[in-house]
S.K.: 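Let me begin by handing over the structure; questions about it come next.
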Amino acid sequence: QVQLVESGGGLVQTGGSLRLSCAASGRTFSSYTMGWFRQAPGKEREFVAGISWSGGPTYYADSVKVRFTASRDNDKNTVDLQINSLKPEDTAVYYCAARDEVNIATNLDEYDYWGQGTQVTVSS
């Protein structure tokens, strides 16, 4: 069982940066592959980034490559998402999710645990 709590969202101007964090509780956090998703108003939740249990392999949606960087600290039970060069279309609620598998998945149905989300709003 893993509980996830996101933080770090806020209101930022176009071109700015944010660092989202996801704090996890549970003894086996280090064995979970983590994903970041976002959901904009009126749109479906979409995958943006994933990071393997070891923190090595990562995978990003084409729309966020270069600008988004996922990292994790298994000693602190946290996974972060650094977002640079923010655009208005990045405005969404951002969720972290965990799956008890080795491979990164882009389908939200393949994740077992979800946080409550953190709002990111980018003003133009």
Side-chain angles (χ1 to χ4, degrees):
Q1 192 79 3
V2 175
Q3 291 78 44
L4 304 172
V5 179
E6 302 93 336
S7 62
L11 174 63
V12 64
Q13 292 184 335
T14 297
S17 298
L18 280 175
R19 190 174 185 88
L20 307 183
S21 187
C22 175
S25 60
R27 294 183 296 118
T28 59
F29 170 76
S30 61
S31 68
Y32 284 80
T33 293
M34 302 298 294
W36 283 97
F37 291 76
R38 68 185 180 186
Q39 188 166 18
K43 295 189 177 181
E44 294 185 351
R45 194 170 299 188
E46 64 174 356
F47 170 86
V48 293
I51 185 166
S52 70
W53 67 271
S54 67
T58 54
Y59 184 75
Y60 301 94
D62 288 342
S63 60
V64 306
K65 278 180 181 177
V66 178
R67 299 189 299 119
F68 286 28
T69 304
S71 60
R72 68 188 294 164
D73 186 333
N74 287 340
D75 291 334
K76 296 182 179 179
N77 280 11
T78 58
V79 58
D80 291 349
L81 185 68
Q82 178 68 38
I83 309 175
N84 299 325
S85 302
L86 277 156
K87 306 175 182 180
E89 52 263 42
D90 294 321
T91 295
V93 178
Y94 283 72
Y95 299 88
C96 67
R99 69 190 299 260
D100 191 11
E101 299 288 345
V102 173
N103 297 325
I104 297 169
T106 61
N107 188 331
L108 59 87
D109 292 336
E110 298 190 60
Y111 286 81
D112 305 303
Y113 305 102
W114 291 84
Q116 84 290 346
T118 186
Q119 176 71 48
V120 171
T121 303
V122 184
S123 63
S124 57

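By convention here, the first residue in the shown sequence is residue 1.
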S.K.: Which pair of non-hydrogen atoms, one from Ala24 and one from Val2, has the smallest distance, and what is that distance?
M.R.: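 Closest heavy-atom pair between Ala24 and Val2: CB-CG1, 4.1 Å.
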S.K.: Enumerate the ring-ring contact (aromatic ring centres under 6.0 Å, His included) contacts for residues 60-108, please, sequence neighbours excluded, ordered by first and then second residue.
M.R.: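 Sorted pair list comes back empty.
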S.K.: Applying disulfide (SG to SG under 2.5 Å) as the test, list every pair that has at least one member in residues 24-65; sequence neighbours left out.
M.R.: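 Applying disulfide (SG to SG under 2.5 Å) to every pair that reaches into residues 24-65, excluding sequence neighbours, yields nothing.
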S.K.: Counting only heavy atoms not in Tyr59, do more than 12 fall under 6.0 Å of its OH?
M.R.: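 It does not: Tyr59 OH has 12 such atoms or fewer within range.
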S.K.: List in chain and number order the residues that pass salt bridge (charged side-chain N to carboxylate O under 4.0 Å, His left out) with Asp80, two or more places apart in sequence or in another chain; answer none if no residue qualifies.
M.R.: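 Asp80: salt bridge (charged side-chain N to carboxylate O under 4.0 Å, His left out) contacts with Arg19.
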S.K.: For Ser7, check side-chain contact (heavy atoms from CB on, under 4.5 Å) against everything at least two apart and list the hits.
M.R.: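 side-chain contact (heavy atoms from CB on, under 4.5 Å) list for Ser7, sorted by chain: Ser21.
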S.K.: List the atom pairs, donor and acceptor, that lie under 3.5 Å between side-chain atoms in residues 29-36 and the rest of the protein, sequence neighbours left out.
M.R.:
{"from": "Ser31", "atom 1": "OG", "to": "Thr28", "atom 2": "O", "distance (Å)": "2.7"}
{"from": "Thr33", "atom 1": "OG1", "to": "Glu101", "atom 2": "O", "distance (Å)": "2.6"}
{"from": "Thr33", "atom 1": "OG1", "to": "Val102", "atom 2": "O", "distance (Å)": "3.1"}

S.K.: State whether the side chain of Thr91 and the backbone N or O of Val122 hold a donor-acceptor pair below 3.5 Å, judged by distance alone.
M.R.: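 Side chain of Thr91 to backbone of Val122, a donor-acceptor pair under 3.5 Å: yes, one is there.
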S.K.: Suppose the criterion is disulfide (SG to SG under 2.5 Å): which pairs have a residue in residues 17-124, not counting sequence neighbours?
M.R.: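 The answer is Cys22-Cys96.
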S.K.: Would you find a donor on one side and an acceptor on the other, under 3.5 Å apart, between the side chain of Asn74 and the backbone of Ser54?
M.R.: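 No, Asn74 side chain to Ser54 backbone: no donor-acceptor pair under 3.5 Å.
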S.K.: Name every donor-acceptor pair, under 3.5 Å, that has one atom in a side chain of residues 10-18 and the other anywhere in the protein, sequence neighbours excluded.
M.R.:
{"from": "Thr14", "atom 1": "OG1", "to": "Ser123", "atom 2": "O", "distance (Å)": "2.8"}
{"from": "Ser17", "atom 1": "OG", "to": "Asn84", "atom 2": "OD1", "distance (Å)": "3.0"}

S.K.: Can you sort out the partners of Asp62 under salt bridge (charged side-chain N to carboxylate O under 4.0 Å, His left out), two or more places apart, ordered by chain and number?
M.R.: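 Here the qualifying residues are Lys65.
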S.K.: Going by the rule salt bridge (charged side-chain N to carboxylate O under 4.0 Å, His left out), which residues pair with Arg72 if we only count those two or more places apart in sequence or in a different chain?
M.R.: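 So Arg72 forms no salt bridge (charged side-chain N to carboxylate O under 4.0 Å, His left out) with any residue.
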S.K.: Which residue pairs pass the salt bridge (Lys or Arg N to Asp or Glu O under 4.0 Å) test with at least one member in residues 35-45, sequence neighbours excluded?
M.R.: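 Qualifying pairs, neighbours excluded: Arg38-Glu46, Arg38-Asp90.
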S.K.: List the residues meeting ring pair (Phe, Tyr, Trp, His ring centres under 6.0 Å) with Phe37, not counting sequence neighbours, and say none if there are none.
M.R.: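 Applying ring pair (Phe, Tyr, Trp, His ring centres under 6.0 Å) to Phe37 gives Phe47, Tyr111, Trp114.
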S.K.: Flag the pair Val5 / Gln3 as yes when at least one side-chain heavy-atom distance between them is below 4.5 Å, and no otherwise.
M.R.: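 In short, these two side chains do not touch, never coming nearer than 4.5 Å.
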S.K.: Which residues pass the salt bridge (charged side-chain N to carboxylate O under 4.0 Å, His left out) test with Glu110, sequence neighbours left out?
M.R.: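 With neighbours one apart ignored, the set is Arg99.
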